[in-house]
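For reference, the structure is listed below as structure tokens.
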Amino acid sequence: MKRSLATWAFALLLIPAAQALAQVTPIKVRKTNGCGCCLAWMEHLKGNGFAATGQDMFAGLLVRFKLANGVPPRMVSCHTALVDGYVIEGHVPASDIRRLLAERPDAVGLAVPEMPLGSPGMDQGRWREAYDVFLIHNDGLTEVFASYEGN
């Protein structure tokens, strides 16, 4: 069966689209209702190849969820996500989540404690605070996974 040049060209256009769909990574975000920075962080994730879905929780239940999933109290931020066996706490950049998923360390996950201005979801124009992304080890200890400069 012969195929026209147009058919082959169309098929070649579909291959990158199918590959892009295959690379979308589901991530489930636990947050409080109406939190604008949580929604902005989820948009950041969606723009970087994640299929982010949110689940609203009352504040007390959200804190218990964080602690039950291995987030040390000193690492707490406003939202907590689960992705491929890891916990993501706070405004962690999508690129760091991708690195975590590629390297697959034996760890709880990543955290950006508090809510630093300029981190994804906390964008405030051109002003940025310096902040670190921490790797949370299974014993609760942490180490710097990535650092971002302020201005």
Side-chain angles (χ1 to χ4, degrees), residues 12-151:
L12 289 175
L13 289 173
L14 288 179
I15 291 171
Q19 289 172 336
L21 285 175
Q23 294 173 3
V24 172
T25 304
I27 184 168
K28 183 148 188 178
V29 182
R30 280 21 181 244
K31 61 185 190 59
T32 56
N33 185 27
C35 180
C37 69
C38 296
L39 296 174
W41 183 69
M42 290 172 65
E43 287 303 314
H44 163 75
L45 294 178
K46 289 175 184 177
N48 286 280
F50 288 90
T53 57
Q55 177 183 342
D56 292 339
M57 299 179 79
F58 291 111
L61 292 176
L62 181 57
V63 170
R64 287 184 16 205
F65 178 82
K66 295 168 184 292
L67 299 176
N69 281 280
V71 177
R74 69 188 179 285
M75 291 286 123
V76 167
S77 184
C78 61
H79 53 261
T80 306
L82 300 178
V83 59
D84 202 16
Y86 289 106
V87 175
I88 308 298
E89 178 68 14
H91 295 270
V92 177
S95 59
D96 292 325
I97 300 171
R98 287 278 176 223
R99 179 178 153 210
L100 175 78
L101 296 176
E103 293 178 5
R104 307 276 330 152
D106 184 20
V108 170
L110 298 176
V112 171
E114 300 176 0
M115 298 164 61
L117 292 178
S119 61
M122 291 295 297
D123 307 292
Q124 298 292 319
R126 294 169 32 149
W127 196 85
R128 292 185 321 266
E129 288 182 272
Y131 69 96
D132 292 323
V133 176
F134 293 91
L135 179 68
I136 304 169
H137 294 284
N138 293 321
D139 60 4
L141 296 176
T142 59
E143 69 177 272
V144 174
F145 187 78
S147 293
Y148 294 87
E149 293 183 8
N151 59 359

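The figures that follow rest on heavy atoms only: side chains count, while hydrogens, waters and symmetry mates do not. Sequence positions, counted from 1, serve as the residue numbers for this chain.
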For [X], look at atom [atom1] and say whether over 12 heavy atoms of other residues, nucleotides or ligands are found less than 6.0 Å away.
X: Arg74; atom1: CZ; value: yes
X: Glu103; atom1: CD; value: yes
X: Glu114; atom1: CD; value: no

Trp41 versus Lys31: any side-chain heavy-atom pair under 4.5 Å?
no

Begin with the C-alpha distance, continue with both residues' side-chain angles, and end with the deciding distance and a verdict on side-chain contact (heavy atoms from CB on, under 4.5 Å) for Val83 and Leu101.
CA-CA 9 Å; Val83 59; Leu101 296 176; 4.1 Å; yes

Restricting to pairs with a member in residues 97-144, which pass ring-ring contact (aromatic ring centres under 6.0 Å, His included), not counting sequence neighbours?
Tyr131-Tyr148

Between [atom1] on residue [X] and [atom2] on residue [Y], distance to nearest 0.5 Å:
X: Leu62; Y: Thr32; atom1: CG; atom2: OG1; result: 7.0 Å
X: Leu135; Y: Met75; atom1: CG; atom2: CE; result: 10.5 Å
X: Thr53; Y: Ile27; atom1: OG1; atom2: CD1; result: 9.0 Å
X: His44; Y: Ser95; atom1: NE2; atom2: OG; result: 6.5 Å
X: His79; Y: His91; atom1: NE2; atom2: NE2; result: 4.5 Å
X: Cys37; Y: Asp123; atom1: SG; atom2: CG; result: 10.5 Å

Full working for side-chain contact (heavy atoms from CB on, under 4.5 Å) between Asp96 and Val112:
CA-CA 11 Å; Asp96 292 325; Val112 171; over 6 Å; no

Output all residues satisfying side chain to side chain donor-acceptor pair (under 3.5 Å) with Arg104, sequence neighbours left out; order by chain, then residue number.
Asp84

Test side chain to side chain donor-acceptor pair (under 3.5 Å) applied to Thr80 - qualifying residues, sequence neighbours left out:
Lys66, Glu89

Using every non-hydrogen atom in the two residues, find where [X] and [Y] come nearest and quote the distance to one decimal.
X: Gly140; Y: Pro72; value: O-CG, 3.6 Å
X: Gly109; Y: Leu100; value: CA-CD2, 4.5 Å
X: Pro93; Y: Val133; value: CD-CG2, 3.8 Å
X: Leu67; Y: Val71; value: CD2-O, 3.3 Å
X: Ile97; Y: Val92; value: CG1-CG1, 3.8 Å
X: Pro116; Y: Met122; value: O-CB, 3.3 Å

Show your working on side-chain contact (heavy atoms from CB on, under 4.5 Å) between Arg30 and Leu82 and close with a plain yes or no.
CA-CA 8 Å; Arg30 280 21 181 244; Leu82 300 178; 3.5 Å; yes

Assess whether side-chain contact (heavy atoms from CB on, under 4.5 Å) is satisfied between Arg98 and Asn48, documenting all intermediate values.
CA-CA 9 Å; Arg98 287 278 176 223; Asn48 286 280; over 6 Å; no

